[in-house]
Amino acid sequence: MTTASGLRAARRRDRRVYTRSHPALFALLAVTRRRAVARLGGVVLVHDGDAYRNALTRVPLDRAAPGTTGGAVRELSVGGALFDQEGTGHRSARRAVADGLGPAGLERLRPVWREVLARRLAPLGAGRTVDLVPVARELAGATVRALLDAPGTPERIAEAAARAAAAAVRDHLPGPRRPGTARAAAVATARLEALLSSAAPDEGPALRAMLAVAAVNTTVAALPRAAAWCADAALWDQAADDRLRPSLVGELLRVTAPSPLLPRVAAADAELDGCPVRAGDRLILVARHAARAHVDPPDARRPAPPAVSRLVFGAGPHACPGARLARAQLDDVLAALAPYRPVVVRARVDRHGALPGWRSLSVRATRAPQEGR
Ligand code: HEM
């Protein structure tokens, strides 16, 4: 049964993915988070949910500015990859990915990730430990491979997507760039594009690479963190319950906020919660705080309203088109793990990844799956 001390233990462990990888940034965000919107020079930190939503839906944003997700996409490749687009071009690129990520697309993809789960979690039944990070990596790589009908192996796609994202983040950290970071990022992206190369010459390599980066890095961060929450906070009974699991999925995605910060740049003057925003200001939109991940623990019986939990997937015309896929995958991961009631036996933070997450997270079953499950 979930207890207050279990929830505290789960939160303590999960915080390590932030404090061990970006301690200074985490401390800065913690210090400023009592203010809905805080200005530090030319940087506006947005913590409050309404202000975060307004920043994504009402403030004109410079989608291709350096230091933003769209800017990184544009610098690494030829552009035209959703994050950096607007208007008609953006709408038609969204339509191009909508089919693969809609309900029918998911039914096509589901057997791919379920096969990975069945095979890679089977050792739990024999009393062995399983590291959930490589499981998530293969699951994400296999899904992207099937989604894009790509030639590379799941492992190589996942590895290349992780390298491309980590290189892009290093290249865009504030302060002077270290020599070679831009080139390393471009090389990593070119390698990923080659692994995903399409038989259809008109399909944009930049869009395909960006989809792989967006899908793999969030999935590899999210799934092991969510499993660790279930293990530490004793949420496996809820995960085993078909009626509660969908709500648990939403809550775990809310408290893990796998993509915790959205870096954007204002394209025109505006106002957020009384704080003036000037064209050119850098906006750091803190998804983790907007979704109240730092204060409200996951509660499948009394989940946060969808308007709040959905914020971890952004808002407005650029809101994540992969949200349905992410929810379906976490639902299946929890359903597959729950019968074993696993506990975490070892966890190591990934200090170099693009997103806060585990480098390895080994779990062991505490019971054999019951007959008939
Ligand atoms: C837990 C998993 C995921 C999280 C937390 C997440 C989060 C986000 C966020 C916060 C954004 C920015 C939204 C905005 O600017 O308003 C985004 C955009 C995007 N995501 Fe996800 N995402 C996840 C999984 C995925 C998956 C699995 C895919 C693809 C298969 C995907 C594809 C994309 C794409 C293409 C965009 C750009 C959309 C646009 O600019 O129009 N994401 N995601």
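FYI, side chains are in, hydrogens and waters are out, and symmetry mates aren't considered; it's all heavy atoms of this structure. Every number for a ligand or one of its atoms is a count from 1 in the order of the listing. The first residue in the sequence is number 1, and the count goes up from there.
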Are any of the N or O atoms of [X] closer than 3.5 Å to those of ligand 1?
| X | value |
| --- | --- |
| Ser259 | no |
| His90 | yes |
| Thr218 | no |
| Ala222 | no |
| Thr219 | no |

Side-chain H-bond candidate by donor/acceptor type, [X] with [Y], under 3.5 Å:
| X | Y | value |
| --- | --- | --- |
| Asp332 | Trp113 | yes |
| Thr129 | Arg346 | no |
| Glu251 | Ser309 | no |

So if I count the atoms of ligand 1 from 1 in the order they appear, which ones are less than 4.0 Å from some heavy atom of Leu253?
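Contacts of ligand 1 toward Leu253, numbered from 1: 1 (C).
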Going by the order shown, which atoms of ligand 1 are within less than 4.0 Å of some heavy atom of Pro258?
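Ligand 1 atoms under the 4.0 Å threshold to Pro258: 1 (C), 5 (C).
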Kindly identify the option in Ala221, Cys320, Ala326, Ala226 whose heavy atom sits closest to atom 31 (C) of ligand 1.
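It is Cys320 that holds the nearest heavy atom.
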Students often mix this up, so state it plainly: with edges at 30° and 60°, are the rings of Tyr18 and Phe26 parallel, tilted or perpendicular?
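Answer is parallel, since the angle falls under 30°.
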Distance, nearest 0.5 Å, that separates OG1 of Thr143 from CG of Leu147
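One finds 8.5 Å between OG1 of Thr143 and CG of Leu147.
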Give the residue and atom name of whichever protein heavy atom lies nearest to atom 29 (C) of ligand 1, and the separation in Å to one decimal.
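Here the closest protein heavy atom is Ala215 CB, 3.6 Å.
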Report yes or no: does a heavy atom of Gln85 sit under 4.0 Å from some atom of ligand 1?
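No; Gln85 lies far enough from ligand 1 that no heavy-atom distance drops under 4.0 Å.
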Check ion pair Asp232-Arg13 (N to O, under 4.0 angstrom)
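Between Arg13 and Asp232 there is a salt bridge, with a charged N closer than 4.0 Å to a carboxylate O.
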Are Glu193 and Arg208 within salt-bridge range, i.e. N to O under 4.0 Å?
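Salt bridge between Glu193 and Arg208, a charged N being under 4.0 Å from a carboxylate O: no.
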